[in-house]
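In what follows, a single structure is set out as structure tokens and then discussed.
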Amino acid sequence: MEKASSLAEDYFSRYQDLIPNYESFLNALSEPLPLYFRLNTLKTQDPDRVVRGLARQGFEVTPVEAVPWFFRVEPRDISLGNTDEYYLGLIYPMTLSSSLPVYALDPRPGEIILDLCAAPGSKTTQIAQLTEDQAIVVANDKRLDRITALVANLRRLGVASVVTTVYRGEQFPLGTTFDKVLVDAPCSGEGRYRKGYEGELLFHKEGHTNLPAIQKGLIVRAYDLLRPGGILVYSTCTINPEENEAVVDYLLRKRQAEVLSWEAPLPSHPGLTEWEGKPFHPELVKAKRFYAHEIGAVGFFVVKLRRQV
Amino acid sequence: MKRRIKKLDPRASWPRPVSDEERAHILGYLEERFGFSPTLFEPYLFLATAKNYWLFTRTEHFEALQSLRVQTAGLLFLRKVSGYLKPTSAALQRFGRFATRNIVILDRLTLDRLRLEKKIPFSAELEPGYVILKCEEDFWGCALYISGKLISYLP
Ligand SMILES: C[S@@+](CC[C@H](N)C(=O)[O-])C[C@H]1O[C@@H](n2cnc3c(N)ncnc32)[C@H](O)[C@@H]1O
């Protein structure tokens with residue numbers, strides 16, 4: 001275990017000056033991730049039913065003040081997947097910060113929205129619930145097996161407003177234009193890291209795939225799928241600026257995108273305008289970084305953009 | 001937990017929106033059997049594949065979506081089973097609370113037994129046919145009530 005923990009410290013040391021309160025960040029890594037779920041308001045608006053039911057099965061459930069319909073659960077190491085509440089589609093277990101990209105997207109009934117990397121559907125179903133099943137969401141993922149899991153979640157939650165597709169995001173057909181596109185990109189997942197999962201860090205450190213190249217392809221195609229004035233949200237659960245600001249900076253150089261500010265329900269830090277000597281577009285300060293130890297959930301990066309009218 | 005996804009015919013990439021007559025037939029059945037008010041489904045279309053009806057949000061963007069090769073569109077809502085319409089458990093879990101008829105209320109023990117054994121002896125003052133399973137305040141899904149038995153269609 002000694003050896004493993006020094007690996008994590010080693011790995012994150014390049015972010016020492018970037019992460020606020022770095023010591024407490026490192027400390028937080030030794031605790032298992034908190035467990036949360038979202039109440040599926042398409043089926044019930046009554047949290048008491050769910051809180052009581054889960055209590056009967058030994059879970060202690062507390063509402064999250066800052067984020068409507070989210071609840072924190074203890075013990076955090078027992079899966080909610082075997083509960084009646086899960087089976088009945090009353091809850092969707094997901095980390096608290098995973099709700100943030102959808103807050104930035106601000107979906108409205110009547111819109112047509114593309115969720116380009118959608119599986120297993122935590123954000124797709126959150127959009128469906130916020131719009132009361134009245135915005136069309138095209139939920140795409142390049143992997144059919146992951147779309148299978150997404151379809152199971154849609155059925156479990158009773159969602160009728162979603163179309164599923166299996167395209168490589170970079171090649172999503174240009175024929176249909178969207179009011180809004182969400183790119184919740186495949187990433188190195190550094191924000192999810194907790195001690196005991198060193199394998200994941202090593203895997204990405206060894207660089208099996210060129211993630212920034214994939215992310216750049218996805219963000220440009222997402223932009224090109226927007227109607228003029230349409231909204232693009234790009235998010236990852238990683239700290240790595242190469243997968244975040246550098247990807248958005250690439251888009252800003254290729255296309256006339258505008259960076260927008262947005263209100264987040266959790267504390268954040270501005271996006272970087274420089275990393276390892278390389279400057280990024282100054283508007284990137286409007287992007288938001290969320291750190292695991294400050295929000296008690298997975299670390300996230302979220303930026304909101306608009307296509308030129 | 002592992003279940004197959006009903007894949008749409010890849011050649012026919014989009015299911016067909018039902019005709020007005022077909023819609024009236026579906027709504028008539030849902031109202032007659034379960035007391036669902038037709039206005040409940042006003043915001044939705046019904047789409048048809050060979051043996052199924054899917055519920056899909058009504059949208060002005062319907063045409064724009066036609067060029068996509070889709071895996072699924074909407075919620076699998078009804079299956080055509082030897083001339084009858086069988087609502088899916090997913091449909092009943094979502095909309096069961098708006099039903100007024102042919103709801104079977106089970107205690108927890110009986111529900112668990114039905115889930116385990118799939119078929120249990122049962123008698124109630126109901127016309128035979130598909131019923132909505134309710135336990136305490138929850139809607140669990142679909143079963144068939146026929147000749148003194150209850151047959152589970154819960155996933
Ligand atoms: C971070 S996960 C998405 C999580 C999902 N948005 C949610 O909230 O449940 C990234 C997803 O991107 C998919 N993916 C990876 N490369 C892709 C590509 N080139 N095009 C489309 N999807 C891709 C992966 O299969 C994975 O499901």
| task | Find the distance between CG (A:L251) and CG (A:L232) and round it off to the nearest 0.5 Å. | result | 6.5 Å
| field | Shortest non-hydrogen separation from B:I120 to B:L114 and the atoms involved | value | CG1-CD1, 3.9 Å
| message | Under the criterion side-chain contact (heavy atoms from CB on, under 4.5 Å), I'd like the reasoning laid out for A:F71 against A:V50: C-alpha separation, chi angles, the key distance, then a yes or no. | response | CA-CA 10 Å; A:F71 296 81; A:V50 169; over 6 Å; no
| query | Is there any salt bridge (Lys or Arg N to Asp or Glu O under 4.0 Å) pair reaching into residues 73-96 of chain A, and which pairs are they, with sequence neighbours excluded? | reply | A:E31-A:R76, A:R49-A:E85, A:E74-A:R76, A:D84-B:R108
| said: What part of A:L88 gets within 4.5 angstrom of chain B, counting heavy atoms only: side chain, backbone, both, or neither? | reply: both
| request: State, with a plain yes or no, whether a side-chain heavy atom of A:N140 is found less than 4.5 Å away from one of A:F172. | output: yes
| field | Cationic tip of B:R97 above B:F139 ring, under 6.0 Å, 45° of axis | value | no
| said: Give the interface residues of residues 159-171 of chain A toward chain B, defined by a heavy-atom separation under 4.5 Å. | reply: A:V159, A:A160, A:S161, A:V162, A:V163, A:T164, A:T165, A:V166, A:Y167
| remark: If one checks every heavy atom of A:D179 against chain B at 4.5 Å, the contacting part turns out to be side chain
| request: Taking the six-membered ring for Trp and the single ring otherwise, decide whether the centroids of B:F41 and B:F77 are under 6.0 Å apart. | output: yes
| request: Answer yes or no for B:R79 and B:Y153: cation-pi contact, defined as NZ/CZ to six-membered ring centre under 6.0 Å and angle to ring axis within 45°. | output: no
| Contact class of B:E136 relative to chain A, heavy atoms under 4.5 angstrom | side chain
| Taking non-hydrogen atoms and a cut-off under 4.5 angstrom, which of residues 88-96 of chain B neighbour chain A? | B:A90, B:Q93, B:R94
| message | Between B:Y44 and A:D133, is the side-chain hydrogen bond (donor to acceptor under 3.5 Å, both in side chains) condition met? List the steps. | response | CA-CA 10 Å; B:Y44 299 95; A:D133 216 14; 3.2 Å; yes
| task | Tabulate, in ascending numerical order, the residues of residues 25-36 of chain B having at least one heavy atom closer than 4.5 Å to a heavy atom of chain A, or enter 'none'. | result | none
| If you round to the nearest 0.5 Å, how far is CG of A:D46 from OG1 of A:T41? | 12.5 Å
| field | B:W14 side chain near B:F62 side chain, heavy-atom distance below 4.5 Å | value | yes
| task | Heavy atoms only, distances under 4.5 angstrom: which of A:A135, A:P173, A:G158, A:G175 has the most pairs with chain B? Name it, please. | result | A:G158
| Candidate list B:I103, B:D138, B:V104, B:I105, test side chain to side chain contact (heavy atoms under 4.5 Å, CB included), partner B:L133, passing option | B:V104
| field | No-hydrogen, no-angle side-chain donor-acceptor test under 3.5 Å, A:T125 and A:R38 | value | yes
| message | Within the structure provided, determine whether B:Y53 and B:P15 are in side-chain contact (heavy-atom separation under 4.5 Å). | response | no
| field | Pair B:T57-B:T59, side-chain donor/acceptor within less than 3.5 Å | value | no
